[in-house]
Amino acid sequence: MFDTRRSWFSPFGALTAAAVLGAGLLAVAHFAQRSAAAPRLAPMVMPRPSGGVLAPAPFGFAAPPQPGKIGVAVLPVTVRYTFDGGVTEPITDVRGGFELRPLGQNGGTLSLVPQGAGLAVQYPNRCTLIRERECPRAILEGIRDDGLNPGTRPMQYGASILMTHSDLADGANVFQKGYSVGGISQFKLQVDHRQGHPSCVIAGRNRIFRAEPLIDVADGTWHQLVCTRTANRLELAVDGVRRASVPVPPGLSIANAEPLRVGGKGANKGNDQYAGQIDNVFLSIG
């Protein structure tokens, strides 16, 4: 018997298939042309963090009460500030912790200004008023953290600075924790005297040790200053070259309840205010 069902390969079916195939090829060609003509998306460029004036806080951090013995670092710790987040972000270290806040008196302000590919902190101009108590003052200050006390452990700390001779004074503190008087203990980086001499200082309860080379870093260019405390020495390197060294007792312990401070020992009168720019502040214990 013959199969009376119609074959799918009829003349009409062949014509229909050819039409569908042709339409598909035309559509592919059309979209291929549109794709080739479509504009390419440019890579997104993020805006550079903005500089400008940092809003001063009326007071520092409210340090939580910590009665009893002052602690020291029990694990290696590294803190580094680049100040590249801009004025709209809190000033924290590169890992987002150890926040610093600007403090000011008598209208003293801090600004973030361009430095290389990032930002640096601009401090108030050197005050020339007769009454020092009326001078504008401003610093950066953190919160008490006993984990930043090195005790007797090896440590490094430092910063990059830019100063001119008009920025100099009898005291210009760059970076510190603690005080050298009153039996408190301290580590500090400073540029003291009118000669622009940088120096590293560590102080125990009874003695002060200072590594100070007879070189001038207040020449209007950037300098990297690094202080290194080993088991029995304190050294200062300027731009990667060791410039001064003094012996220190291995048992000298640095432990205090003071916060990190950048640019002065406080915002009050007689604060050894820094003038100029500071960048890349760091502390490494371990």
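Here, residue 1 is the first one in the sequence, and each next residue gets the next number.
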- Identified side chain to side chain contact (heavy atoms under 4.5 Å, CB included) counterpart of V121 within the set L100, L140, V113, V281: L140

- Y274 and its side chain to side chain contact (heavy atoms under 4.5 Å, CB included) partner, picked from N173, V174, I139: V174

- Query: In terms of side-chain heavy atoms, does E235 have a donor or acceptor partner in T228 at a distance below 3.5 Å?
  - Reply: no

- Say whether W222 and Q277, considering side chains only, have a donor N or O and an acceptor N or O under 3.5 Å apart. no

Let me confirm one number: the [atom1]-[atom2] distance from [X] to [Y], rounded to the nearest 0.5 Å.
| X | Y | atom1 | atom2 | result |
| --- | --- | --- | --- | --- |
| D272 | D170 | CG | CG | 9.0 Å |
| C127 | R133 | SG | CZ | 12.0 Å |
| S253 | R153 | OG | CZ | 11.5 Å |
| S111 | L54 | OG | CG | 6.5 Å |
| N125 | S166 | CG | OG | 7.5 Å |

Between [X] and [Y], is any pair of side-chain heavy atoms under 4.5 Å apart?
| X | Y | value |
| --- | --- | --- |
| I70 | R144 | yes |
| I254 | R229 | yes |
| E141 | K265 | no |
| F187 | M155 | yes |
| V217 | V191 | yes |
| N232 | P247 | no |
| L260 | L283 | yes |
| V79 | I285 | no |

Donor-acceptor contact below 3.5 Å, side chain [X] vs main chain [Y]:
| X | Y | result |
| --- | --- | --- |
| S185 | A255 | yes |
| Q105 | G107 | no |
| Q273 | A138 | yes |
| D279 | A120 | no |
| D84 | L119 | yes |
| N280 | S160 | no |
| D239 | Q224 | yes |
| R243 | P213 | no |
| Y179 | Q186 | no |

Which heavy atom in [X] sits nearest to a heavy atom in [Y], and how many Å separate them?
| X | Y | answer |
| --- | --- | --- |
| P124 | A275 | O-CB, 3.4 Å |
| V77 | G147 | CG1-O, 3.9 Å |
| Q176 | G178 | NE2-O, 3.2 Å |
| G86 | L112 | C-CD1, 3.6 Å |
| V238 | H223 | CG1-ND1, 4.4 Å |
| T92 | G96 | OG1-CA, 3.5 Å |

- Item | Steps toward side-chain contact (heavy atoms from CB on, under 4.5 Å) verdict (L148, F98) | CA-CA 10 Å; L148 300 179; F98 305 101; 3.8 Å; yes

- Task: Would you please indicate yes or no on a ring centroid separation below 6.0 angstrom for Y81 and F282?
- Result: no

Check: residues 193-203 side-chain donor-acceptor pairs under 3.5 Å, at least two apart:
| residue | atom | partner | partner atom | Å |
| --- | --- | --- | --- | --- |
| R194 | NH1 | L168 | O | 2.9 |
| H197 | ND1 | E212 | OE2 | 3.1 |
| S199 | OG | Q190 | NE2 | 2.9 |

- Kindly determine whether N149 and N256 satisfy side-chain contact (heavy atoms from CB on, under 4.5 Å), including the steps that lead there. CA-CA 7 Å; N149 286 326; N256 57 68; 3.9 Å; yes

- Task: Evaluate the criterion side-chain contact (heavy atoms from CB on, under 4.5 Å) for residue pair E99 and R101; output intermediate values, then yes/no.
- Result: CA-CA 7 Å; E99 184 177 348; R101 290 184 181 178; 3.9 Å; yes

- Residue R207 excluded, over 12 heavy atoms near CZ under 6.0 Å: no

- Query: Does CG in L129 sit with more than 12 non-hydrogen atoms of other residues, nucleotides or ligands closer than 6.0 Å?
  - Reply: yes

- Task: Inspect the contact between D93 and R80 and indicate whether a charged nitrogen and a carboxylate oxygen are less than 4.0 angstrom apart.
- Result: no

- Task: Using a strict 4.0 Å threshold on nitrogen-to-oxygen distance, state whether K177 and E258 make a salt bridge.
- Result: no

- Start with the C-alpha gap between H165 and D219, add the side-chain angles, then the distance that decides, and say whether side-chain hydrogen bond (donor to acceptor under 3.5 Å, both in side chains) holds. CA-CA 7 Å; H165 270 243; D219 56 3; over 6 Å; no

- Item | Audit row: V87, V53, side-chain contact (heavy atoms from CB on, under 4.5 Å) steps and yes/no | CA-CA 7 Å; V87 294; V53 176; over 6 Å; no

- Out of curiosity, does M163 fall in the hydrophobic cluster containing V226 (side-chain heavy atoms, cut-off under 4.5 Å, transitive links)? no

- Message: Could you work out, with ring-ring contact (aromatic ring centres under 6.0 Å, His included) as the rule, every residue matching F175, not counting sequence neighbours?
- Response: none

